[in-house]
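Read through the structure below, which is laid out as structure tokens, and then see the notes.
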Amino acid sequence: MSAPNKAKLAAIGAAALLVGGFAMSPAAFGDSPPAKFPAAEIHKPSPVPDRIILIPTTTPSTSQKVTWRAEAPANWAQAEIIEAPRAFVNGNVPSGTTATKVMASATNSVNTSLGYASTHHTVEFTGLKADTRYSYRVGDGTNWSEWIDFTTAAADASPFSFIYYGDAQNNIDTAVPRVFRQAFADRPEAKVIVNAGDLIDHANSEEQWGQWHNADGFINSQINSISVPGNHEYSGGLSQFWRPQFPYPDNGPGAAELKQTVYYVDYQGVRFVGLDTNYQSNATLMAAQTAWLEGVLADNPNKWTVVTFHHPVYSTTGSRNNPNVRAQWGPLFEKYGVDLVLQGHDHSYGRGNLQTARKSTTVHNGVAYVVSVSGGKMYALNNGQNWTGNGAEVRSTSQNTQLYQMIDVDKDQIRFEARYANGEHHDGFTIRKNDAGERTVNDFRTPENTKGEQVEVAKTDIQQLSKLGFKAYGYDPGEDVTVYFRRTTEPEDKNGTRIAVKKADELGKFNYTFTLPSGAKPGDTYQVYLVSKNQQITSPVLTITK
């Protein structure tokens, strides 16, 4: 065979496809690429339920709302519920058990641009037992969803986890699903998911709402959703899909425009508050939210408070600013000790607090403000965060990254961690609070932030044999701390004179006062040196005077 013919056969072989054991070239399938499958076919509803989502009520320990979409007549839309069995033998409810049937309380049809109506149904299960696992299904009596499990809230302030997302909005069908799935893989027992607005890009896009529901798969059907609208949920008014999908408690300010976009839910010791920043330029509706917000913060029986809305108090990007949100709500968050403010809109990550709340290199005692993004659309930080220009500081930022946040709530602390879409750690902190409401917010420890000059003293010139008081932060509650008084001329491997061993308090603070040793002579310089399991930190240089 000639060289040219050999080369021609090699080229054909390299381009061939192996199908069913036979080599086929692309031409065997026709010269045109496959046609794009139409959105109207992808997202077309049927009698079989989809887009199933749990919606919390004002009594989440004894009741639960569920919404779903299906082509079902209103008088047939229904659900069944039983305490979760060990097995559905042959797919049936266990012998001797009868599922409770609940008829849909609301049916709403939304005419879509894809040429069909999307009909959403709502049921509310009542009379449930606290902290109990249930199985439910939704349908029309003939066409059912699968059996799905959820667990009611505990009646008291029991530990639980929740997940928080910033804007999904863009690339919902390509980039967002891996974020949702990785978050669920990391916190499969989460009880709540917080969405801080801009779930989609176009308020009334049936295709994008379908993509958003597909992105989470089954997750929203077994974890409660606490969502607020962003600016992309508005187009000449609130998205026609919002209230049919998200029938949140009607306990907001009372204005019709704010119904089911401004609300609160108390869940196992946490008050979740949702606000609507899309009306920040409407003086009347903004004032109504502000007055209502102060009421739900002032009269709050829960230890923890989490507030979510879309447009940030402090923006991560230099080109954005929300002065009305900051001026009206920021002081209330600080006054009433809100723990977390979870926001979106800026398509980047930022976390910070008021500068005046700073206590040490790694600790503050104020509100933790967070902005995040889960979708594929990104904004640059532009080296122009408006945090510092408005009395706040930035502790962590990230751009061109998709993130999810895991928040673990316990009796005396909240642990917050932000991770990238691939599961890698980005940022984290722990909030500790005692029963008196005192709080510390502690950055996660690193080798760099657990050493160095972090001990606070009232003054650096100290008289011989006088008393010296100091403060330090960042310890575990009850952690043993050894106090040394070390001459600055001593080698670094020498601790100095041992003064005492004491324990940090329940917030990780360490306050102590001692009398200077008699050997400390005028003109000499010293440092307080604190050694513990987790930190080796010092005071500024102290000069002994007469």
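When a residue number appears, it is its place in the shown sequence, counting from 1. The structure displayed is predicted, hence computed values, not measured ones.
Judged as a ring pair (Phe, Tyr, Trp, His ring centres under 6.0 Å), and not counting sequence neighbours, Y475 has no contacts. Applying the side-chain hydrogen bond (donor to acceptor under 3.5 Å, both in side chains) rule to H232 yields the partners Q169, D201; only residues at least two apart in sequence or on another chain are considered. Applying the side-chain hydrogen bond (donor to acceptor under 3.5 Å, both in side chains) rule to E506 yields the partners N434; only residues at least two apart in sequence or on another chain are considered. For D505, the side chain to side chain contact (heavy atoms under 4.5 Å, CB included) criterion is met by L507, K509, not counting sequence neighbours. Taking the side chain to side chain contact (heavy atoms under 4.5 Å, CB included) definition, one finds that F218 meets it with F184, S221, Q222, sequence neighbours left out. Residues satisfying the ring pair (Phe, Tyr, Trp, His ring centres under 6.0 Å) criterion with W147, sequence neighbours excluded, are F88. Taking Y336 as the reference, E294 meet the side-chain hydrogen bond (donor to acceptor under 3.5 Å, both in side chains) condition, with sequence neighbours excluded. By the ring pair (Phe, Tyr, Trp, His ring centres under 6.0 Å) test, F246 pairs with W242, Y248, sequence neighbours left out. Applying the side chain to side chain contact (heavy atoms under 4.5 Å, CB included) rule to T59 yields the partners T57, T62, S63; only residues at least two apart in sequence or on another chain are considered. With sequence neighbours excluded, no residue forms a side-chain hydrogen bond (donor to acceptor under 3.5 Å, both in side chains) with N365. With sequence neighbours excluded, the residues forming a side chain to side chain contact (heavy atoms under 4.5 Å, CB included) with R358 are N353, H364, E393, R395, listed by chain and number.
Cation-pi geometry between R137 and W144 is satisfied (NZ or CZ under 6.0 Å from the ring centre, within 45° of the ring normal).
The side chain to side chain donor-acceptor pair (under 3.5 Å) test with H310 is passed by exactly one of N195, D198, T277: D198.
Within 6.0 Å of atom CG in N422, more than 12 heavy atoms from other residues, nucleotides or ligands are found, so the atom counts as buried in its surroundings.
Side-chain atoms of S135 and D149 include a donor-acceptor pair closer than 3.5 Å.
Among residue pairs with one or both ends in residues 304-325, those qualifying as salt bridge (charged side-chain N to carboxylate O under 4.0 Å, His left out) are R320-D346; sequence neighbours excluded.
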